[in-house]
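So you know, we letter chains A, B, ... as the sequences are listed, proteins then strands, and number each from 1.
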2 protein chains.
Amino acid sequence: MSRKSKTRYSILVMLSIEPMSGYDMKQFTKEVISNFWSESYGQIYTTLKTLIEEGLVTGKEIEEGKKPYKTVYEITSKGSRVLGEWLCEPISRQVPRDELSLKFFVGPLIPLEVSLQHILAHKEQQKKQLDKLKKAINRMEEEVPEEVPHKAYWITGSRLGILVREARLKWCDEMESLIRGKISKSKN
Amino acid sequence: MSRKSKTRYSILVMLSIEPMSGYDMKQFTKEVISNFWSESYGQIYTTLKTLIEEGLVTGKEIEEGKKPYKTVYEITSKGSRVLGEWLCEPISRQVPRDELSLKFFVGPLIPLEVSLQHILAHKEQQKKQLDKLKKAINRMEEEVPEEVPHKAYWITGSRLGILVREARLKWCDEMESLIRGKISKSKN
DNA sequence: CTAGATATATATCTAATAGATATATAAACA
DNA sequence: TGTTTATATATCTATTAGATATATATCTAG
């Protein structure tokens, strides 16, 4: 079974929303789908080349005003078919690599004050992401017209991000009280 | 800033618990820390070589009975120091790559029956993991002696896995009713 | 008792990925 | 005016995922 790049499909997903340049795709991952996906330039530009060779995507150069050229990519009907097939395949597990959990697996090796800092930093970060997701849902509810078939999925998708971050925040509270308990015990 | 392999540190973490062979480490990731970490043989054996070169780890060949030799690795004091430094560094963000979310971002392109299958499969998988984690906590509470300083961290660590999986299960319910609603609408 | 499956153990290879950097122009800014 | 930020593409390397190869030992079902 030959492994298949997921970058291929993430590009097809993005182009199924609207035509974009490689730069646009990087922005899209950063601003719209950063909640659950990430791509680097290295992945985007090299994968675009193979997608064109395979006829799943076409690119045309565009010039607007004095700006330098850019290439806007579009998904082909073959590309849509390939995307459709992949969407129907079972979801493959995501490999877990949670650095926070790895570090606290040997929690006794971390000075208590540092442990506390780790937790507080994680809390802050999760809160920020939570806030961003809630705002995104509000914006979608107001601005995306009801006729857009993606709307309900986009909102529910953001809900997953919210629920997971709320869970992590709850866990941070548990870990924080474990650590604070150990700190106060150590002061006796 | 040169990138540093996280496999290095995951090996040091495992060896800080107890000496192990490469094979043991693979088993350890699969059975003990699969909740939040994963390593492949390719990573383990090649990284072990560089860790030995750097003096962070030593390996000695062992023979038990008729069994073929194996090499058991131990962390050195230098290794412990390096691990301790890494444990105090801020936690770097984990790159998000959630295939389930990516697919449902273009939910309208998936046939409703297939969407339902995806959700039901994910639900099943999360339930299994949840069950495994709950059992692991029970086992730890009973079998790990109170004097082991890691105990409270191990239990709280498993709690994170539980909370996150419960959140995902709750989301599955939301997504399931969205899809079932669309299915019944489509039958009118 | 024996063929096949599973567990122990190490090693290696390739495709995929993360993250950094290089390059160049245009626009914003201070 | 010089500096930073945004647009845009391209490329390179270290890291990682996943597969496969090899060999022995042990378990198990016919």
Is the distance from OP1 or OP2 of [N] to the nearest side-chain N or O of [X] less than 4.0 Å?
X: A/Lys26; N: C/dG19; result: no
X: B/Gln43; N: D/dA17; result: yes
X: A/Thr71; N: D/dA8; result: no
X: B/Ser5; N: D/dT16; result: yes
X: A/Tyr45; N: D/dT9; result: yes
X: B/Thr46; N: C/dA11; result: no

Does B/Ser40 reach a base, just sugar-phosphate, or nothing at all? Heavy atoms under 4.0 Å. base

Just checking, any donor-acceptor pair under 3.5 angstrom between side chains of A/Arg97 and B/Thr7? yes

Per [X] side chain, nearest of listed nucleotides [options]:
X: B/Arg97; options: C/dA18, C/dT10, D/dT7; answer: C/dA18
X: A/Lys6; options: C/dA9, D/dA17, C/dT17; answer: C/dT17
X: A/Tyr23; options: D/dT11, D/dT16, D/dA6; answer: D/dA6
X: A/Tyr41; options: D/dT11, C/dT12, D/dT16; answer: D/dT11

Rounded to whole angstroms, how far apart are CD1 on B/Ile62 and P on C/dT8? 17 Å

To the nearest Å, give me how far apart OH (B/Tyr69) and C1' (C/dT8) are. 12 Å

